[in-house]
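Chain letters run A, B, ... following the sequence lines, proteins first and then strands; every chain starts at 1.
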Protein chains: 2
Amino acid sequence: MKPKISDVAKVAGVSPTTVSRVLNNRGYIGEETRKKVNDAMKHLNYFPNDVARSLFIKKTFLIGVVFPTTSNPFYGQLIFHIENIAASLGYKILLCNSQGQEDKERSYLRMLQRNQVDGIIAGAHNRGVKEYDIPTLPVVGVDRYLSKNIPVVSSDNYDGGRQATQLLINKGCRNIIHINGPSYLETPANLRRKAYEDVMKENQLTPITYETAGDNQAVIQQLFDENPLVDSIFASDDLIASAVIREAKLRKRNIPSDFKVIGYDGTETTRLLLPELSTIQQPIREIAQKTIDILIKEINEEENHSEMETILPVRLIESETT
Amino acid sequence: MKPKISDVAKVAGVSPTTVSRVLNNRGYIGEETRKKVNDAMKHLNYFPNDVARSLFIKKTFLIGVVFPTTSNPFYGQLIFHIENIAASLGYKILLCNSQGQEDKERSYLRMLQRNQVDGIIAGAHNRGVKEYDIPTLPVVGVDRYLSKNIPVVSSDNYDGGRQATQLLINKGCRNIIHINGPSYLETPANLRRKAYEDVMKENQLTPITYETAGDNQAVIQQLFDENPLVDSIFASDDLIASAVIREAKLRKRNIPSDFKVIGYDGTETTRLLLPELSTIQQPIREIAQKTIDILIKEINEEENHSEMETILPVRLIESETT
DNA sequence: TTTCATATGTCAACCGGATGACATATAATT
DNA sequence: AATTATATGTCATCCGGTTGACATATGAAA
């Protein structure tokens with residue numbers, strides 16, 4: 001059986017209250033007593049039961065983290081930073097991979113509430129899921145609008161979209177096409193597309209957008225077939241950009257002289273696996289930091305309604321595909 | 001204030017015990033009563049407090065998951081599957097990114113014990129960390145030997161190493177060099193290197209191994225400088241393989257005619273970003289599945305000491321770099 | 001009519017730890 | 001000698017839910 005406070009007390013020859021005092025550093029404790037208690041804890045291999053503690057203090061130091069999947073390099077890296085920063089502040093992460101499925105998302109939210117998490121960070125959100133609006137529970141969205149009352153942190157998607165498009169234009173491209181993932185998500189990432197359209201129009205060019213739905217390759221082939229004159233593509237993430245490069249090579253397009261590609265995200269993994277890809281890099285660490293800052297403030301009820309939307313700057317990485 | 005069982009009881013006009021009976025489906029419950037209780041729960045937006053529940057039943061349905069970082073595509077994908085399968089079985093994941101640091105690993109282990117996790121899955125392990133040997137707590141290792149008493153699940157690293165090396169030999173290579181990450185980890189992955197050495201010797205070839213330490217690029221440059229005749233490289237993971245490809249291109253080596261590269265892991269992300277890379281693909285989903293199977297069995301004390309080491313088959317993916 | 005399965009309530013104990021109230025004792029200050 | 005800061009103990013209560021024991025009531029089957 002796991003030792004409890006009373007077992008420690010017995011071994012140390014003190015009262016359970018004294019042990020609790022040592023553990024929580026409350027009231028007066030003598031140096032020798034503190035030592036006796038600590039020795040007893042070591043001897044018994046005692047670990048305080050945080051479940052019991054949480055029940056009493058009504059705080060778990062748990063943060064629920066809901067994203068589509070850790071498998072995606074962007075989310076993987078973001079979650080890494082979130083976990084790291086949270087850990088340094090004494091918070092722990094309950095991980096949820098919603099896979100973009102409404103029912104999973106909903107059941108994760110129930111689970112998190114049952115587990116009495118102190119707050120939720122979510123970057124997954126399907127239109128149908130209204131359950132994020134929980135009056136008693138702090139929530140922060142990353143790159144997703146969850147509700148009017150929930151703060152969002154994202155990078156400057158509009159500026160990123162402008163920079164990417166402008167770069168292609170500066171390099172002499174005229175038949176620039178944009179590809180993005182499913183747009184049914186209420187996401188600030190849609191601003192990338194908006195920026196693309198704006199910049200194109202400002203330059204008297206016609207914006208054309210394709211949308212992938214799971215199978216990138218099919219859409220990309222269709223894009224090339226339907227637009228033989230396309231001279232460049234702005235992809236809304238690096239994975240799509242990579243697929244574009246592949247298809248362009250199959251079609252004997254010469255990159256970057258004859259055909260240019262720019263992606264979006266600039267994760268560590270992409271930088272390692274596909275360093276030649278030009279891309280718009282999101283400040284992932286900073287997004288994680290800001291998200292946690294805001295969440296912790298909400299948890300501590302230092303409400304700060306000035307921060308309903310936080311937008312962090314992106315960085316253009318020009319490499320060999322533009 | 002969050003509603004509790006007694007609040008639900010009041011609204012439903014029944015006793016707290018009856019509510020608990022409905023929640024746990026115990027004893028006799030009338031259909032109308034069940035409905036009244038469920039309606040009351042919906043009306044109050046009641047969620048059972050799993051912290052209180054866990055305290056009493058002495059089970060949290062929490063699994064601690066300790067890996068170096070979700071940012072790495074292999075771990076990201078593995079953790080995704082672990083979380084997924086665990087969720088389908090009613091278990092939740094407490095995420096820990098140890099970053100290969102002993103002190104972090106140790107403090108995570110303490111944290112997990114305080115949180116009364118039902119079990120731990122760990123793929124991080126520094127030699128100095130003996131704390132995994134916790135008599136009362138089920139632990140399963142993934143691709144890492146944690147202790148004599150802890151089951152390990154891995155893919156067939158030796159066979160993978162053999163296949164990779166053999167492929168290069170079959171393609172006519174003779175000056176094959178192996179690169180792997182830091183080998184101070186007690187990992188079955190060292191078998192990849194062992195297999196490489198064995199196959200080389202069987203073919204009267206001299207094995208040469210380089211080891212990276214954080215900075216891949218420097219080691220790779222050194223490798224090329226010191227071995228001008230090198231005609232192929234077997235890298236112990238895809239990220240290193242990618243760096244090798246890059247350096248080879250800089251040195252005007254023609255892949256695959258003049259120079260060949262094979263990697264290891266074959267994650268989704270690598271397949272998307274670098275599909276041309278030949279690699280040994282690990283069965284990540286199956287590793288996750290088997291790991292959880294074993295862990296859950298241990299948790300339920302269906303001890304199965306026949307499974308101290310589980311080895312799953314790998315798959316050679318031959319693409320364009322060999 | 002008796003027995004029994006069904007249905008619900010009351011009550012108390014328990015899970016492990018936190019905390020406030022209060023008692024007691026020693027040593028240091030005033 | 002009186003006061004006070006320090007140190008520790010005892011005891012009861014609470015956190016929210018679970019569970020076993022026991023009482024009670026109804027309708028159906030034996």
How long is the line joining [atom1] of [X] and [atom2] of [N], in whole Å?
| X | N | atom1 | atom2 | result |
| --- | --- | --- | --- | --- |
| A/Asp50 | C/dA18 | CG | C1' | 13 Å |
| A/Glu31 | D/dA7 | CD | P | 8 Å |
| A/Glu32 | D/dT6 | CD | C1' | 12 Å |
| A/Phe47 | C/dG17 | CZ | C1' | 17 Å |
| B/Leu23 | D/dG16 | CG | P | 15 Å |
| B/Ile5 | C/dC14 | CD1 | C1' | 15 Å |
| B/Ile57 | D/dT19 | CD1 | P | 8 Å |
| A/Leu44 | C/dG17 | CG | P | 12 Å |

Establish, with yes or no, whether the OP1 or OP2 oxygen of [N] is under 4.0 angstrom from a side-chain nitrogen or oxygen of [X].
| X | N | answer |
| --- | --- | --- |
| A/Lys58 | C/dA18 | no |
| A/Arg53 | C/dA18 | yes |
| B/Tyr46 | D/dG16 | no |
| A/Ser20 | C/dG17 | no |
| A/Tyr28 | D/dA7 | no |

Counting side-chain heavy atoms from C-beta on, which of [options] comes nearest to [X]?
| X | options | answer |
| --- | --- | --- |
| A/Thr17 | D/dC11, C/dG17, C/dT10 | D/dC11 |
| B/Ala52 | D/dG20, C/dG9, D/dG17 | D/dG17 |
| A/Asn49 | D/dG17, D/dG9, C/dG17 | C/dG17 |
| A/Ser15 | D/dG9, C/dG16, C/dA18 | D/dG9 |

(message) Any carboxylate oxygen within less than 4.0 angstrom of a Lys/Arg side-chain nitrogen, looking at A/Arg34 and A/Glu31?
(response)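 A/Glu31 and A/Arg34: salt-bridged.
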(message) Base, sugar-phosphate or nothing for A/Asn24? Non-hydrogen atoms, less than 4.0 Å.
(response)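 The residue A/Asn24 makes sugar-phosphate contact but no base contact.
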(message) Taking the nucleotide of DNA chain C with the nearest heavy atom to each, does B/Val14 or A/Arg21 sit closer to the 5' end?
(response)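 The residue whose closest nucleotide sits nearer the 5' end is B/Val14.
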(request) For A/Arg26 and for A/Lys4, find the nucleotide of DNA chain C with the closest heavy atom, then tell me which residue's nucleotide is more 5'. (result)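 The residue mapped nearer the 5' terminus is A/Lys4.
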(message) Which is more 5' along DNA chain D, the nucleotide nearest B/Pro3 or the one nearest A/Arg34? Just name the residue.
(response)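 Final value for this comparison: A/Arg34.
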(message) Under 3.5 Å, is there a donor on one side chain and an acceptor on the other for B/Thr18 and B/Ser15?
(response)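 Yes, because at least one side-chain N or O of B/Thr18 sits under 3.5 Å from a partner of the opposite role on B/Ser15.
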(request) List the steps, then state whether side-chain hydrogen bond (donor to acceptor under 3.5 Å, both in side chains) holds for B/Tyr145 with B/Glu309. (result) CA-CA 10 Å; B/Tyr145 294 120; B/Glu309 185 162 4; 3.0 Å; yes
(message) Could you walk me through whether A/Ser98 and A/Glu105 satisfy the side-chain hydrogen bond (donor to acceptor under 3.5 Å, both in side chains) test, starting with their C-alpha distance in whole Å, then the side-chain angles of each, then the deciding distance to 0.1 Å, before giving a yes or no?
(response) CA-CA 5 Å; A/Ser98 64; A/Glu105 215 173 322; 4.7 Å; no
(request) Take atom NZ of A/Lys59 as the centre, draw a 6.0 Å sphere, and report whether it contains more than 12 heavy atoms from other residues, nucleotides or ligands. (result)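 More than 12 heavy atoms, drawn from other residues, nucleotides or ligands, come within 6.0 Å of this atom.
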(message) Working note: A/Asn157 + A/Asp143, criterion side-chain hydrogen bond (donor to acceptor under 3.5 Å, both in side chains); need CA distance, chi angles, decisive distance, verdict.
(response) CA-CA 9 Å; A/Asn157 287 291; A/Asp143 236 25; 3.3 Å; yes
